[in-house]
S.K.: 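Below you will find the structure I want to go over with you.
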Amino acid sequence: MIKHIVMWKLPKEKDGFSKEEIALKIKASLETLPALIDEIVSLQVGVNFNESDMAYDVCLVTDFKTKEDLNAYQNNEEHLKVAAYIRAVNIGRCVADYEY
């Protein structure tokens, strides 16, 4: 199995939307993906409540059966649409992928 974890930092405000509003839109958008992308085994999205400067604002944790399934997900048109929005609004990103 493959674990794919991504975390994003968001600005306090962007295009008239607050950090909280952006985080909830990201969460809702990501949560649509399991119904659209067969390769996703499981998907969880959390919005951070920790106020530390070190904390990230949104965290995605997904599971895939194989590296090939992760690659298919990352190149899926539905994922790319969501990723384009997230790229446009985030100010920081980190990612980890590992086998377990």
Side-chain angles (χ1 to χ4, degrees):
M1 293 290 287
I2 303 297
K3 184 76 71 177
H4 174 63
I5 302 168
V6 186
M7 294 187 293
W8 298 275
K9 280 192 178 271
L10 303 176
K12 290 183 181 182
E13 183 272 333
K14 174 101 175 162
D15 300 328
F17 295 98
S18 69
K19 178 189 294 194
E20 293 77 17
E21 291 170 317
I22 296 167
L24 292 174
K25 181 173 181 176
I26 290 171
K27 181 177 184 344
S29 297
L30 288 167
E31 288 176 340
T32 68
L33 296 179
L36 303 171
I37 303 174
D38 292 336
E39 288 83 4
I40 297 171
V41 173
S42 69
L43 179 144
Q44 289 182 306
V45 184
V47 175
N48 178 56
F49 59 81
N50 182 329
E51 295 181 17
S52 166
D53 289 340
M54 299 294 293
Y56 280 68
D57 300 301
V58 179
C59 182
L60 168 69
V61 179
T62 50
D63 292 295
F64 299 90
K65 290 181 183 173
T66 65
K67 290 178 186 177
E68 292 77 19
D69 286 350
L70 171 59
N71 186 56
Y73 158 79
Q74 290 176 323
N75 291 291
N76 182 287
E77 182 178 328
E78 297 300 327
H79 170 262
L80 293 173
K81 289 178 197 175
V82 173
Y85 171 73
I86 297 172
R87 268 194 307 279
V89 298
N90 86 86
I91 58 172
R93 174 180 177 265
C94 64
V95 63
D97 296 315
Y98 62 88
E99 291 185 86
Y100 68 97

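Every value quoted in this text rests on a predicted model; they were computed, and no experiment measured them. FYI, the numbering just counts along the sequence from 1.
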S.K.: Taking V89 as the starting point, is it possible to reach V6 by hopping between hydrophobic residues whose side chains are less than 4.5 Å apart?
M.R.: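 Same cluster: V6 reaches V89 through Ile, Leu, Val, Met, Phe, Trp or Tyr contacts under 4.5 Å.
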
S.K.: Do L70 and Y73 come within less than 4.5 Å of each other through their side chains, counting heavy atoms only?
M.R.: yes

S.K.: How about E99 and K67: do any of their side-chain heavy atoms sit closer than 4.5 Å?
M.R.: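 Touching, per the 4.5 Å side-chain cut-off.
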
S.K.: Under a single-linkage definition using a 4.5 Å side-chain heavy-atom cutoff for Ile, Leu, Val, Met, Phe, Trp and Tyr, are V95 and I86 assigned to the same hydrophobic cluster?
M.R.: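 In one cluster with V95: I86, yes.
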
S.K.: Can you hop from I2 to L43 via hydrophobic side chains spaced under 4.5 Å?
M.R.: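 Yes, because I2 and L43 connect within a single hydrophobic cluster, where side-chain heavy atoms sit under 4.5 Å apart.
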
S.K.: For T62 and H4, indicate whether the former's side chain and the latter's backbone hold a donor-acceptor pair under 3.5 Å.
M.R.: yes

S.K.: Got a second to check how far W8's CH2 is from N48's CG, nearest 0.5 Å?
M.R.: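 Those atoms lie 13.5 Å apart.
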
S.K.: Between CG of L80 and CZ of R87, what distance do you get to the nearest 0.5 Å?
M.R.: 7.5 Å

S.K.: What's the separation between atom CD1 in I22 and atom OH in Y85, rounded to the nearest 0.5 Å?
M.R.: 5.0 Å

S.K.: Check whether K9 reaches the backbone of A55 with its side chain - one donor and one acceptor, N or O, closer than 3.5 Å.
M.R.: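 It does hold such a pair.
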
S.K.: Is any side-chain heavy atom of M7 closer than 4.5 Å to a side-chain heavy atom of R93?
M.R.: no

S.K.: Step through the shown structure and confirm whether more than 12 heavy atoms of other residues, nucleotides or ligands are within 6.0 Å of CZ on F17.
M.R.: no

S.K.: Among the clusters formed by ILVMFWY side chains lying less than 4.5 Å apart, do I91 and M54 turn up in the same one?
M.R.: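 No, separate clusters.
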
S.K.: Of all heavy-atom pairs between C59 and V61, which one has the smallest distance, and what is that distance?
M.R.: SG-CG2, 4.0 Å

S.K.: Quick one: does V58's side chain get under 4.5 Å of N90's, heavy atoms only?
M.R.: no

S.K.: Run the numbers on V82 and L30 for side-chain contact (heavy atoms from CB on, under 4.5 Å), then give the verdict.
M.R.: CA-CA 7 Å; V82 173; L30 288 167; 3.7 Å; yes

S.K.: Applying a strict under-4.5 Å side-chain criterion to I, L, V, M, F, W and Y, I'd like to know whether L60 and L36 cluster together.
M.R.: yes

S.K.: Measure the spacing between CG of D63 and CD of E39 and express it to the nearest 0.5 Å.
M.R.: 14.0 Å

S.K.: May I ask you to say whether E21 pairs ionically with K25, meaning some side-chain N is under 4.0 Å from a carboxylate O?
M.R.: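 A salt bridge is absent here (no side-chain N lies under 4.0 Å from a carboxylate O).
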
S.K.: Is the shortest side-chain heavy-atom distance between Y98 and I5 below 4.5 Å?
M.R.: yes

S.K.: What heavy-atom pair brings D15 and E13 nearest, and what distance separates the two atoms?
M.R.: N-OE2, 3.4 Å

S.K.: Out of curiosity, L33 CG to E78 CD, how far, rounded to the nearest 0.5 Å?
M.R.: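 That separation rounds to 7.5 Å.
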
S.K.: How long is the straight-line distance from OG of S29 back to CG of L24, given to the nearest 0.5 Å?
M.R.: 10.5 Å

S.K.: Using a strict 4.0 Å threshold on nitrogen-to-oxygen distance, state whether D97 and K3 make a salt bridge.
M.R.: no

